[in-house]
Amino acid sequence: MPDGSRSTVLTNIGTLVTNDPESGDGALGVRHGAAVVFDGGLVAWVGDASEAPAADDRVDLAGRALLPGFVESHSHLVFAGERAEEFAARMSGVEYAAGGIRTTIAATRAADDEQLAANVRRLMDESVRSGSTTVECKTGYGQTTEDELRSALVAGRFTDEVTLLAAHVPPPEYAGRADAYVEMVCRDMIPACAPHVKWIDVFCERGAFTREQSEAVLRAGVAYGLTPRVHGNQLGAGPGVRLAVELGAASVDHVSYVTAADIDALAGSSTVATLLPAADFCTRNSYPDARALLDAGVTVALGADCNPGTSYTTSLPFCIALAVRELRMTPEEAVWSATAGGARALRRDDVGSLGVGSCADALALDAPSYLHLAYRPGVPLVRSVWRGGMLVSDAAA
Ligand code: NIG
Ligand code: FE
């Protein structure tokens, strides 16, 4: 088995996705007959297989597709319990409301750190098996300074991309007093958690936080060196998208209801629109108008939004299939959004593509081309996953 200290040449690749338009065809930079060399945790060489340099190990992909590992830029893995009954009720006609989050807050507060860590480990492992090699993870089911801090520390054991979802929903002890909750978040929670997280997030939505409350939280995070991301426009049109753009947020996530003005604002900005179609699928919500966003030139990422309420899946292959079938994205757009798009949403240029110098994070499909991700929905096609040049998941083993 290749390890990170040995160089590896991957050869006999069916279709290679580099996401480098200079290296191959189209936005995905697709190449045929290529080989890739991993060395020291990075991509050391990409070129025609006939010219591949020697390496310590050789992996024959037998015509399988090789892609950059998926970059999951939106997940909520620090939680306890589950909400299958709420899902069943929803499927019988009950509408999703932000308040369901409080059920998970109660279970999470009651769990100890090791229980929370075991849950994160289980879902991180699941993510890797479906091809995600970078996974962002949010807090948000503590909603006290102590519980958000321990959530951040638990998440930080598994990823560098930790987001403080400081204002997810006003917790029960602040019922009817969202302003007082926001004041506590800005005064106590953000200063205590900021050294342990990279991003600040807020749920700007009816039933959660208003534009003013959301802005106060995001600005307090910025004052402590954090970069904003926003949950916005999930359940209805609202101020989330424009707030995100105004504050220079890295992403605004969900974006299922947008106006022409929202699209214009996004198109002229560096804020990525992160679409989470599995959440819309699991809540019978409207899907985002991905075509309008893409055609206006907005940068689009795809995330799975794994959480126990609206989207209990870690599968980006499933999201790619939804994006193609339901959001009318092309297979190329969907694959780009789940790899390079996720990297843009996390402001990373070392992941999401396979060019010389990129992280050696990749996946091989049990199929000759990336097209099969949408063409064969629900089939576990991800066969091998490498992270930093190491084989971290192998369905054939
Ligand atoms: O991304 N929208 C807010 N947060 C989660 C849902 C959380 C929950 O219902 O537990 C989301 O969909
Ligand atoms: Fe979310």
Side-chain angles (χ1 to χ4, degrees), residues 72-90 94-109 111 116 119 123 127 135-143 147-148 151 155 161-172 199-209 213-214 217 228-236 238-241 243-244 249-257 272-288 301-314 316 319 322 342 345-346:
E72 170 58 89
S73 63
H74 187 133
S75 67
H76 308 247
L77 309 183
V78 192
F79 66 86
E82 45 120 300
R83 283 154 53 199
E85 298 300 329
E86 180 188 311
F87 173 79
R90 203 156 60 231
V94 177
E95 209 178 308
Y96 174 76
I101 296 166
R102 292 195 189 94
T103 310
T104 305
I105 290 177
T108 304
R109 288 178 177 179
L116 295 178
N119 195 57
L123 293 168
S127 298
V135 179
E136 178 264 11
C137 183
K138 299 176 197 301
T139 68
Y141 292 116
Q143 306 289 277
D147 290 304
E148 287 296 312
S151 297
E161 303 294 346
V162 181
T163 300
L164 180 67
L165 178 44
H168 199 180
V169 79
W199 311 100
I200 179 81
D201 196 349
V202 65
F203 189 13
C204 180
E205 195 80 48
R206 149 172 63 92
F209 295 94
Q213 291 161 346
S214 301
V217 170
R229 2 185 27 93
V230 177
H231 276 76
N233 303 57
Q234 175 183 6
L235 307 175
V241 167
L243 177 63
S251 69
V252 55
D253 302 41
H254 286 287
V255 197
S256 301
Y257 297 87
V272 173
T274 300
L275 310 184
L276 308 169
D280 302 311
F281 175 87
C282 294
T283 54
R284 287 218 178 100
N285 193 26
S286 296
Y287 288 112
L302 273 179
D305 190 17
C306 180
N307 76 79
T310 60
S311 184
Y312 203 2
T313 179
T314 49
L316 275 164
C319 297
L322 282 179
L346 294 175

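Counting starts at 1 for both ligands and their atoms, in listed order.
The N, O or S atom of Asp305 with the smallest distance to the Fe ion (ligand 2) is OD1. Shortest distance from the Fe ion (ligand 2) to His76 is reached at NE2 (N/O/S atoms only). Within His74, NE2 is the N, O or S atom that lies nearest to the Fe ion (ligand 2).
Residue His231: an N/O/S atom is found under 2.8 Å from the Fe ion (ligand 2). For a distance bound of 2.8 Å, the N, O or S atoms of Asp253 include none lying that close to the Fe ion (ligand 2).
Inspection of the Thr163 and Asp201 side chains reveals no N or O donor paired with an N or O acceptor under 3.5 Å. The closest side-chain donor-acceptor pair between His231 and His168, if any, does not fall under 3.5 angstrom.
Residues His74 and Asp253 share a closest heavy-atom pair of ND1-OD2, 2.8 Å. Smallest separation of non-hydrogen atoms from Arg83 and Pro308: CB-O, 3.6 Å. In plain terms, the two heavy atoms of Cys137 and Val78 that are nearest each other are SG-CG2, 3.8 Å.
Within the 4.5 Å cutoff, side-chain heavy atoms of Pro228 are placed close to those of Ile200.
Atoms SG and OH, on Cys306 and Tyr312 in that order, are 6.5 Å from each other to the nearest 0.5 Å. Taking CZ of Arg90 as the reference point, atom CD of Glu95 lies at 10.5 Å (rounded to 0.5 Å).
Protein residues having at least one heavy atom under 4.0 Å from any atom of ligand 1 are His74, His76, Arg83, Tyr96, Ile101, Tyr141, His168, Phe203, His231, Gln234, His254, Asp305, Asn307, Gly309, Thr310, listed by chain and number.
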